[in-house]
Enquirer: 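The structure follows.
Numbering of ligands and ligand atoms starts at 1, following listing order. Positions are given from 1 along the sequence.
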Amino acid sequence: MMFIFSAQWGSVPEKDVQAAAEILKEGGVVAFPTETVYGLGARYDSEVAIKKIFAAKGRPSDNPLIVHISHPRELALVAREFSPTEEKLMMAFWPGPLTLVLNKQEAVSPLVTAGRNTVGVRMPSHPLALKLIAATGVPLVAPSANISGRPSPTTAQHVAQDLVGRIDALLDGGETTVGLESTVIRVFSDRIVVLRPGSVTRSMLEEVAKLPVMLSTETEGVPEAPGMKYVHYAPEAQLILYVKANRDEIAASLARDLSTAVIAYADTLDGLPANVHKFTLGERGSVDLAAQRLYAYLREADSLGVERILVEGIESKGLGEAVMNRLYKAASQVIGGQA
Ligand code: TXA
Ligand code: MG
């Protein structure tokens with residue numbers, strides 16, 4: 001039996017948040033919105049509950065979970081020995097979509113950390129997430145609330161598509177605003193390594209920390225976040241990514257096969273036949289809509305039953321770096337750029 005608590009007049013009623021918190025306290029698993037994507041929560045200190053998360057998602061056990069807190073005072077429960085730079089970054093970006101990989105407290109279960117001596121922690125900014133964690137009274141571990149390998153959920157409907165019957169409750173807070181998962185970083189004395197790019201960009205981190213910020217793929221010896229090695233964010237259809245695309249290439253590709261959806265900037269879509277399924281990235285050069293809607297578009301294209309999804313690449317800069325990171329991982333073919 002799964003309870004669905006829906007937003008009315010823009011917010012989920014207090015009593016529903018309390019009911020969801022009761023389920024969590026007793027070791028259940030509850031999906032809830034954050035500003036990035038929906039998460040599937042369980043109390044961080046219950047191995048029984050944590051195992052339910054891995055089972056519901058079909059998640060590999062070597063992929064560690066992020067601990068979500070509702071107040072900085074909860075940080076000491078899970079992590080220790082923060083550097084002044086780490087504190088500065090928390091002050092600047094919490095609550096918000098930044099996950100710091102920190103040295104873990106002894107008591108944190110290896111199920112959370114996949115046996116590592118570090119733990120990922122973030123304080124989300126979505127009011128429902130903050131309320132739910134506070135009402136439960138302990139931090140919540142929460143991976144994205146999708147079946148492993150599928151695009152992350154940005155609406156309650158996406159969560160239900162993947163997990164109905166596998167979880168105890170779902171808090172519906174409408175569409176998430178950021179749309180891509182949090183930036184994951186590890187701070188070293190002389191640099192910051194981005195393990196997963198997100199909407200807290202390299203230049204934002206650099207400005208606060210006054211340290212060089214690099215992507216883990218550019219750094220020898222520092223692995224990406226373990227989760228980044230799996231096939232990810234993938235729709236069922238074949239995704240073909242056009243880097244430095246031009247409309248003619250996309251149009252030529254379409255002419256060969258119309259069982260296709262196209263995700264592209266508005267001016268590219270304008271030049272394509274009317275009977276093609278079109279998903280707009282907005283005005284050329286904009287990035288926010290691409291981040292917010294990418295996963296929803298991939299799911300919608302799949303539900304149309306198309307065989308291929310053609311995606312116009314965007315500039316890999318700032319938030320665009322996070323969008324392109326996900327697209328490269330989802331693509332079965334890249335045209336005009338690195339594989
Ligand atoms: O925005 C988000 O971060 C969402 C919402 C729900 O908060 N959560 C999310 O969780 O994306 P998940 O489990 O889908 O992705 C967590 C990522 C994985 O790539 C994982 O490998 C990495 O964070 N990660 C977690 N703990 C880590 C650690 N101790 N060291 C390195 N990477 C870690
Ligand atoms: Mg995920």
Side-chain angles (χ1 to χ4, degrees), residues 29-42 44 50 53-54 56-70 78-79 93-105 108-126 128-130 132-133 139-154 156 158-159 162-163 170-171 173 176-187 193-200 216-217 219 222-234 291-292 295 322 325-326 329-330:
V29 292
V30 175
F32 62 95
T34 80
E35 71 280 21
T36 58
V37 300
Y38 276 72
L40 179 59
Y44 85 106
I50 296 165
I53 286 185
F54 282 93
K57 282 180 58 80
R59 182 181 177 100
S61 60
D62 65 348
N63 192 4
L65 302 173
I66 295 172
V67 177
H68 295 62
I69 59 176
S70 66
V78 293
F93 297 110
W94 283 1
L98 179 67
T99 297
L100 289 111
V101 172
L102 302 165
N103 296 324
K104 83 173 191 88
Q105 287 286 11
V108 176
S109 164
L111 291 182
V112 173
T113 63
R116 295 165 177 252
N117 50 21
T118 56
V119 62
V121 188
R122 86 176 187 102
M123 179 177 169
S125 65
H126 196 295
L128 255 182
L130 291 171
L132 182 67
I133 301 163
L140 298 177
V141 287
S144 50
N146 53 302
I147 296 277
S148 275
R150 302 258 299 134
S152 291
T154 55
H158 298 160
V159 178
D162 279 16
L163 297 180
L170 164 57
L171 283 181
T176 61
T177 52
V178 177
L180 294 179
E181 307 86 344
S182 62
T183 306
V184 179
I185 61 166
R186 180 79 166 144
V187 178
V193 177
V194 175
L195 306 177
R196 180 177 70 182
S199 69
V200 174
S216 58
T217 46
T219 319
V222 182
E224 283 185 290
M228 302 302 279
K229 72 174 186 281
Y230 299 105
V231 177
H232 246 87
Y233 321 111
Q292 192 190 18
Y295 293 144
N325 166 272
R326 306 308 192 274
K329 285 180 195 295

Enquirer: Give yes if a backbone or side-chain nitrogen or oxygen of Arg59 is under 3.5 Å from a nitrogen or oxygen of ligand 1, and no if not.
Expert: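 Such a contact does occur with ligand 1.
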
Enquirer: Tell me whether Arg186 reaches ligand 1 (any heavy atom closer than 4.0 angstrom to a ligand atom).
Expert: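 Per 4.0 Å heavy-atom rule, Arg186 does not contact ligand 1.
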
Enquirer: Pull out every atom of ligand 1 sitting under 4.0 Å from any heavy atom of Thr36, numbered as shown with elements.
Expert: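 This gives 1 (O), 2 (C), 4 (C), 5 (C) as the contact atoms.
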
Enquirer: If you count the atoms of ligand 1 from 1 in the order shown, which ones are under 4.0 Å from a heavy atom of Gly39?
Expert: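 Selected atoms, number and element: 6 (C).
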
Enquirer: Can you confirm, on distance only, whether ligand 1 has an N/O atom lying under 3.5 Å from any N/O atom belonging to Glu181?
Expert: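 N/O-N/O distance below 3.5 Å does not exist for this pair.
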
Enquirer: Pairing donors with acceptors under 3.5 angstrom, does anything connect the side chains of Thr99 and Ser182?
Expert: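 Ser182 and Thr99 do have a side-chain donor-acceptor pair below 3.5 Å.
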
Enquirer: On the 0 to 90° scale, with breaks at 30° and 60°, tag the Tyr233-Tyr295 ring pair as parallel, tilted or perpendicular.
Expert: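 Rings of Tyr233 and Tyr295: parallel, under 30°.
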
Enquirer: Counting each atom of ligand 1 from 1 as listed, which ones have a heavy atom of Asn63 under 4.0 Å away?
Expert: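 So the answer, numbered in order with elements, is 18 (C), 20 (C), 21 (O).
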
Enquirer: Does any N, O or S atom in Asn146 come within less than 2.8 Å of the Mg ion (ligand 2)?
Expert: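 It does not: Asn146 brings no N, O or S atom closer than 2.8 Å to the Mg ion (ligand 2).
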
Enquirer: Show the atoms of ligand 1 that are less than 4.0 angstrom away from any heavy atom in Ser144.
Expert: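 So the atoms of ligand 1 that pass are 8 (N), 9 (C), 10 (O), 12 (P), 14 (O).
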
Enquirer: If you count the atoms of ligand 1 from 1 in the order shown, which ones are under 4.0 Å from a heavy atom of Arg122?
Expert: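 The list of qualifying atoms is 1 (O), 2 (C), 3 (O), 5 (C), 7 (O).
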
Enquirer: Counting each atom of ligand 1 from 1 as listed, which ones have a heavy atom of Ala142 under 4.0 Å away?
Expert: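 By the 4.0 Å cutoff, the relevant atoms are 6 (C), 8 (N), 10 (O).
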
Enquirer: Can you check whether Pro64's main-chain N or O pairs, donor with acceptor, with Arg59's side chain at less than 3.5 Å?
Expert: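 Between the backbone of Pro64 and the side chain of Arg59 there is a qualifying donor-acceptor contact (under 3.5 Å).
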
Enquirer: What are the two closest heavy atoms between Val37 and Leu180, and how far apart are they?
Expert: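 Answer, listing the atom of Val37 first, then Leu180: CG1-C, 4.1 Å.
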
Enquirer: What are the two closest heavy atoms between Ile147 and Ala56, and how far apart are they?
Expert: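 In terms of heavy atoms, the two residues are closest at CD1-O, 3.9 Å.
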
Enquirer: Any salt bridge between Glu181 and Arg122, counting N to O under 4.0 Å?
Expert: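 Salt bridge between Glu181 and Arg122, a charged N being under 4.0 Å from a carboxylate O: no.
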
Enquirer: Testing the basics here: between Leu170 and Ala156, what is the closest heavy-atom pair and its distance to 0.1 Å?
Expert: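 Leu170 and Ala156 have their closest heavy atoms at CD2-O, 3.6 Å.
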
Enquirer: How far does CG of Asn63 sit from CZ of Phe54, to the nearest 0.5 angstrom?
Expert: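 Going from the CG atom of Asn63 to the CZ atom of Phe54 covers 7.0 Å.
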
Enquirer: Against heavy atoms of Pro143, which atoms of ligand 1 measure under 4.0 Å?
Expert: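 Under 4.0 Å from Pro143, ligand 1 has these atoms: 10 (O), 12 (P), 13 (O).
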
Enquirer: I need the minimum non-hydrogen distance between Pro97 and Val200, along with the two atoms involved.
Expert: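 Closest heavy-atom pair between Pro97 and Val200: O-CG2, 3.7 Å.
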
Enquirer: Taking distance alone, with N or O pairs closer than 3.5 Å, would you say Ser182 contacts ligand 1?
Expert: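 Yes; at least one N/O pair falls below 3.5 Å.
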
Enquirer: Given Ala129, Ser199, Pro64, which has its nearest heavy atom closest to atom 24 (N) of ligand 1?
Expert: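 Looking at heavy atoms only, the winner is Pro64.
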
Enquirer: Go through ligand 1 atom by atom and flag the ones less than 4.0 Å from a non-hydrogen atom of His68.
Expert: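 The list of qualifying atoms is 5 (C), 6 (C), 7 (O).
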
